[in-house]
J.: 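One structure, as structure tokens, below. Some questions next.
Residue numbers start from 1 in every chain, and the chains themselves are labelled A, B, ... in the order their sequence lines are given, proteins ahead of strands. Since we're looking at a predicted model, the values are computed, not measured.
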There are 2 protein chains.
Amino acid sequence: MSLRHALLGMLAYEPSSGYDLKKRFDGDLGEYAWHAPHTRIYPELAKLADEGLIEVAGEGARGRRTYAVTDAGRAELRRWLFTPQDEGPARNVQVLRLFLLSALEPDDARQLLRMHADDSDREAHKLSEIVAALDADATPGEPPQFGRVAAEFGLRMHRARRDWARWALDRMG
Amino acid sequence: MSLRHALLGMLAYEPSSGYDLKKRFDGDLGEYAWHAPHTRIYPELAKLADEGLIEVAGEGARGRRTYAVTDAGRAELRRWLFTPQDEGPARNVQVLRLFLLSALEPDDARQLLRMHADDSDREAHKLSEIVAALDADATPGEPPQFGRVAAEFGLRMHRARRDWARWALDRMG
DNA sequence: CATCGCATGTAATAGGTTACATGATTAT
DNA sequence: ATAATCATGTAACCTATTACATGCGATG
């Protein structure tokens, strides 16, 4: 279960309320990395607090509770991040689709590969624009900008997928 | 939910029993693409049969039921494969870990990136050996071997991740 | 006749989604 | 005033994991 670690990580970065975290899940983080609705966030925060991994750091208007990680929480986050990926069971729709290509007629398979290639190409362009915008805003000599680093990851993944699909098409003749 | 489509796809490839499918999930498919335990396979097969997407094509010893896709099932599979990925909510542990790098001290982040790089390098080597073995066995002029194509995908993904991690390390100084 | 693999199932629990609900504050 | 947004919650339902269970058939 990664939700708890996503929450720990975000709280380690800065103390936040459930509502703050929900907004982050609605943004980049939720789009590319991990998503959760508020109905899962709040109970999980309660559980984490119960286990002493986070604590209420302040209360605000409208019942707002700001949480912060405890030392135990920070240790758990580090432990998780440094545990070489057990990965759990595979859940990769993209790769699944590849495996299922073999259930299709060759013509259908080719058409699908072309779709994959186009799709990745579009995503790669989208990301390269994001990357360019981030680079334009960056002040030189700054400490590592992790959004930039994650975007680069996505960019490279999509390019690799595009190139792979083209390679496969080429190979099928 | 992709399990139903995984099952449809495998049955479209060849009629099988729940037990046969379970074994496929325990192999390559389950390791790289999608995993499911038998306790999810059987109920899902029952549901698919109920909806008329598959049907019992034969019964064997020990209560064995062999299922085959119906025309409706084949149509649903095609529809799904050709629907440009709605993808559903993000669930990507790897990318999540990247986002959470920002919650760590720079030294820790560097160390983790090095772990990522080494990890991917190891996986890439593993896959390149598999690919080499597949290529050695291949008879030239054969129709597309999809296992080979899927392996190539994995290989390229790992290489891209490795190169990305090295790029990130380089960028952090 | 014992053991292993085949073949399917139930039950308990946990994790995740969707719909519905509510009250407080800020902005217009 | 009124609407928008902040902020949290309940309940019903579905999906997934894990542990436990059972009986048949082939092999030695």
Side-chain angles (χ1 to χ4, degrees), chain A residues 1-8 10-11 15-27 29-31 33-51 53-54 56-68 80 86-93 96, chain B residues 1-8 10-11 14-27 29-31 33-51 54 56-68 80 86-93 96:
Chain A
M1 210 228 332
S2 307
L3 174 58
R4 59 193 303 107
H5 297 107
L7 295 173
L8 278 177
M10 286 190 282
L11 293 176
S16 322
S17 68
Y19 192 77
D20 294 336
L21 296 168
K22 177 209 156 239
K23 276 188 302 183
R24 286 226 53 201
F25 278 117
D26 288 341
L29 182 84
E31 185 172 2
W34 202 269
H35 184 264
H38 77 277
T39 46
R40 290 243 3 100
I41 296 169
Y42 290 112
E44 193 63 39
L45 285 173
K47 238 173 107 185
L48 285 167
D50 219 55
E51 295 170 28
L53 300 177
I54 64 175
V56 177
E59 315 216 348
R62 279 163 291 194
R64 174 191 177 94
R65 268 160 320 194
T66 304
Y67 289 95
W80 183 73
D86 15 354
E87 272 289 353
R91 276 296 136 71
N92 192 325
V93 185
L96 174 60
Chain B
M1 208 225 333
S2 308
L3 174 57
R4 58 192 302 107
H5 296 108
L7 295 173
L8 278 177
M10 286 190 281
L11 293 177
E14 56 177 349
S16 323
S17 68
Y19 192 77
D20 294 336
L21 296 167
K22 176 208 157 241
K23 276 189 301 184
R24 287 226 53 200
F25 278 117
D26 288 342
L29 182 83
E31 186 172 1
W34 202 269
H35 184 265
H38 78 277
T39 47
R40 290 248 356 104
I41 295 169
Y42 290 111
E44 194 63 38
L45 285 173
K47 238 173 106 185
L48 286 167
D50 220 54
E51 296 170 28
I54 63 175
V56 177
E59 314 216 350
R62 277 162 291 194
R64 175 190 176 95
R65 269 162 317 198
T66 305
Y67 288 96
W80 183 73
D86 17 355
E87 275 284 357
R91 275 297 137 70
N92 193 323
V93 184
L96 174 61

J.: Looking at C:dG16, C:dA11, C:dG15, which one has an atom nearest to any side-chain atom of A:K47?
T.: C:dG15

J.: From the options C:dT17, D:dA16, C:dG9, select the nucleotide whose nearest atom is closest to the side chain of B:T39.
T.: C:dG9

J.: May I ask you to say what A:R64 touches in the nucleic acid, namely base, sugar-phosphate or nothing, with a heavy-atom cut-off under 4.0 Å?
T.: sugar-phosphate

J.: Tell me: CG of B:L21 to P of C:dC6, nearest whole Å?
T.: 14 Å

J.: At under 4.0 Å, does any side-chain N or O of B:K22 touch on OP1 or OP2 of C:dG9?
T.: no

J.: Starting from C1' on C:dG5, measure out to CG on B:D26 and report it in whole angstrom.
T.: 13 Å

J.: Pick the closest DNA chain D nucleotide for A:A61 and for B:E44 by heavy atoms, then say which residue is nearer the 5' end.
T.: A:A61

J.: Rounding to a whole Å, what distance do you find between A:R40:CZ and D:dC14:C1'?
T.: 13 Å

J.: In this structure, how many angstroms lie between the P atom of C:dT8 and the CD1 atom of B:I41, rounded?
T.: 10 Å

J.: Tell me which nucleotide among D:dT8, C:dA11, C:dT8 gets nearest to the side chain of A:Y42.
T.: D:dT8

J.: With side chains defined as the heavy atoms from C-beta onward, is the minimum distance between B:H35 and B:L29 less than 4.5 Å?
T.: no

J.: Rounding to a whole Å, what distance do you find between B:L48:CG and D:dT15:C1'?
T.: 14 Å

J.: Taking only the side-chain nitrogens and oxygens of A:R65, find out if one of them lies under 4.0 Å from OP1 or OP2 of D:dG9.
T.: yes

J.: Quick one: A:H38 NE2 to C:dG23 P, roughly how many Å, whole number?
T.: 15 Å

J.: Can you tell me if B:Y19 touches the phosphate of C:dC6, counting only side-chain N or O atoms and a distance under 4.0 Å to OP1 or OP2?
T.: yes

J.: Between A:S17 (side chain) and A:D20 (backbone), is there a donor-acceptor pair under 3.5 Å?
T.: yes

J.: Salt bridge between B:R24 and B:E14, side-chain N to carboxylate O under 4.0 Å?
T.: no

J.: What is the distance from atom CZ of A:R40 to atom CZ of A:R4, rounded to the nearest 0.5 Å?
T.: 10.5 Å

J.: Can you tell which of C:dT8, D:dG25, D:dA16 lies closest to the side chain of B:R62?
T.: D:dG25

J.: Would you mind reading off the distance between A:D20 atom CG and D:dA7 atom P, rounded to a whole angstrom?
T.: 7 Å

J.: Hey, which sits more toward the 5' end of DNA chain C by its nearest nucleotide, B:G18 or A:S2?
T.: B:G18

J.: Could you tell me how far apart B:E59 (CD) and D:dC24 (C1') are, to the nearest whole angstrom?
T.: 15 Å

J.: Which atom pair, heavy atoms only, marks the closest approach of A:G18 to A:L45?
T.: CA-CD1, 3.7 Å

J.: Would you say D:dT15 has OP1 or OP2 under 4.0 Å from some side-chain N or O of A:R91?
T.: no

